[in-house]
Every structure is written in structure tokens, then in C-alpha cells.
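These notes concern the structure reproduced below.
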Amino acid sequence: MKRKKFVAGNWKMNLDLEGAKALATELNAHTGEFHCDVALFPSYVFLAEVQHTLKHSKIRLGAQNLSYSENGAYTGEVSASMLASIGMEYVLIGHSERREYLNEERDVLCLKLRLALKYGLKPIYCIGEPASVRNEGLHKEFVRDQMEDCLSDFTTEEISNITIAYEPIWAIGTGVTATTSQAQEMHEYIRQHLGDMYSEEIAQRMRILYGGSCKPDNAKELFLCPDVDGGLIGGASLKAADFLAIIEAAQ
Ligand code: 13P
């Protein structure tokens with residue numbers, strides 16, 4: 001099955017309002033050249049302005065996070081329904097930075113996935129092992145557990161709205177990218193395991209993005225791997241020229 005490539009920019013906690021608008025404006029000027037799906041994940045506080053900048057654009061938008069609670073007295077939190085109400089399409093769930101620094105674990109991530117789907121958001125569920133686990137040779141078991149923790153028990157329709165991002169923690173922000181054989185091995189394994197958990201059809205339809213020091217000079221070879229369906233890009237998504245080069249590499 002041919003899956004359309006997908007390149008997503010996770011801006012993390014970077015940029016200011018002017019910088020966010022300028023980056024979105026510059027990317028938007030090039031959408032005529034896009035033959036893959038492209039989405040941006042700005043900070044919550046810039047979503048409305050970036051959305052305004054991208055009005056009628058092909059570029060999709062998503063949030064970097066959502067609350068595990070549906071609504072109510074959760075000061076500082078942002079709910080799935082709020083994100084849906086402002087027209088967000090995607091949301092990141094399970095990013096390793098939130099797992100590590102915000103102690104987000106299985107129960108919280110499962111609640112977030114359920115709420116995202118309930119309100120019509122498309123989750124990008126992030127998984128990936130730390131260096132210590134890879135050094136022990138347990139990376140497949142580790143991501144399998146992360147999949148089983150949160151991806152079980154969805155309906156066919158629900159699971160079809162989820163994208164997986166495989167982001168080995170040792171590659172995030174380090175400049176050490178997974179080799180094409182490491183990436184392909186893991187993506188193939190993830191797809192196989194989706195087949196075991198659901199069906200071959202769902203496994204073949206699901207897009208699995210690679211994240212971790214993906215740059216213009218390594219994107220093409222990564223995206224040529226048969227099970228790598230695009231990328232979730234951090235640092236290189238903050239410079240228009242780099243992000244555009246990565247988008248170009250996906251088509
Ligand atoms: P870098 O591209 O900066 O390594 O970050 C990847 C990432 O964490 C995307 O979510």
C-alpha cells in the first residue's frame with residue numbers, strides 16, 4: 001500500500017510571536033511545491049496567530065500537548081475540546097520530553113489518546129527507546145511495550161486516526177541520527193506489531209514517522225526506507241530553508 005509521506009515540525013518551546021508568524025509565512029509561500037502532507041506544531045500561545053497566517057493553506061496545524069482531563073478546575077491546562085473548538089487537527093502525545101520531564105506515563109497518555117480521539121483530534125503517538133535500552137539490545141521490546149500500553153483496544157476507525165512517531169531518545173537533539181538500517185528495522189517492527197495488535201490492513205495504512213536529528217542532509221535516505229513515512233522534525237523545523245529541504249526530500 002502506498003502511504004502519502006508526512007512531514008511535521010515540532011517547534012517545541014521555541015520562537016516568539018513574530019518568529020512564529022514569520023516562519024509560518026515563509027513556509028506558506030512554498031506550499032505550491034508540496035506533494036506530501038505537512039503539519040506544524042507551534043506553542044499553544046501562537047496557535048491562533050499561526051492559524052490566521054495559514055488561513056486556506058495546505059499546511060495543517062496541531063498542538064504539542066493536551067490535558068488528560070476533559071474539563072474543569074485544572075489551572076493552566078488545555079483540553080481536547082478547547083483544541084478542537086479552535087480547529088486544531090493534530091496533537092502530539094507521548095513525546096519523550098514530556099515522558100521524561102513531566103513524568104507522563106501510561107495512564108495519563110492513555111487518557112490523552114482517548115480524549116483526543118473523542119474530540120476528533122488526530123494524535124501523533126510518540127515512542128522510542130533511550131540509549132541504555134538500545135545498548136542492552138531491548139529496543140524492540142521497549143517500543144512494543146509503549147505501543148501495547150496505549151494503543152490497545154481502539155476501534156478500527158479510532159486507530160486509523162492515529163499516526164506513530166518513532167523517536168529514539170538518543171537521537172533527539174543530539175545530532176546522532178539513526179542509520180537507515182536502524183530506522184527501517186524499527187519501523188518495520190512497529191508495523192509488524194500493529195499487524196499483530198490489529199490487522200495487516202491497519203498496519204499497512206498507518207503512517208510511521210521518524211524523529212531524531214532528521215536534517216536536510218539525511219532526510220532523503222531515511223524517507224526512502226520502505227517503512228519510514230516521513231518525519232517529526234524538531235531543530236531543523238525552526239529554519240524555513242531546512243524544513244523546506246526536508247519536505248522536498250519526502251517527495
Ligand atoms: P530534533 O529533530 O531536534 O532531534 O527533535 C526531534 C523531535 O523530538 C521531534 O519531536
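For ligands, and for the atoms within them, numbers begin at 1 and follow the listed sequence. These numbers come from a predicted model, not from an experiment.
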Taking atom 9 (C) of ligand 1 as the reference point, the nearest protein heavy atom with its distance: Glu167 OE2, 2.8 Å
Ring of Tyr68, cation from Lys112 - is the NZ or CZ under 6.0 Å from the centre and inside 45° of the axis? no
Can any side-chain N or O of Gln204 pair as donor or acceptor with the backbone N or O of Glu201 at less than 3.5 Å? no
Residue, atom name and distance, where the atom is the protein heavy atom closest to atom 2 (O) of ligand 1: Gly234 N, 2.9 Å
Where is the nearest protein heavy atom to atom 5 (O) of ligand 1: which residue, which atom, and how far? Lys12 NZ, 3.2 Å
Enumerate the atoms of ligand 1 whose separation from the nearest heavy atom of Gly212 is less than 4.0 angstrom. 4 (O), 6 (C)
Side chain, backbone, both or neither: Ala171 near ligand 1, heavy atoms under 4.0 Å: backbone
Looking only at protein heavy atoms, identify the closest one to atom 3 (O) of ligand 1 and say how far it is in Å. Gly235 N, 2.8 Å
Does the gap between the ring centers of Tyr189 and Tyr166 come in under 6.0 Å? no
The atoms of ligand 1 lying under 4.0 Å from a heavy atom of Asn10, numbered in the order shown, are 9 (C), 10 (O)
Please check if the side chain of Asn14 supplies one atom and the backbone of Trp11 the other of a donor-acceptor pair under 3.5 Å. yes
Among the heavy atoms of Ala236, does any lie under 4.0 Å from an atom of ligand 1? no
Side chain Asn218, main chain Lys215, donor-acceptor under 3.5 Å: yes
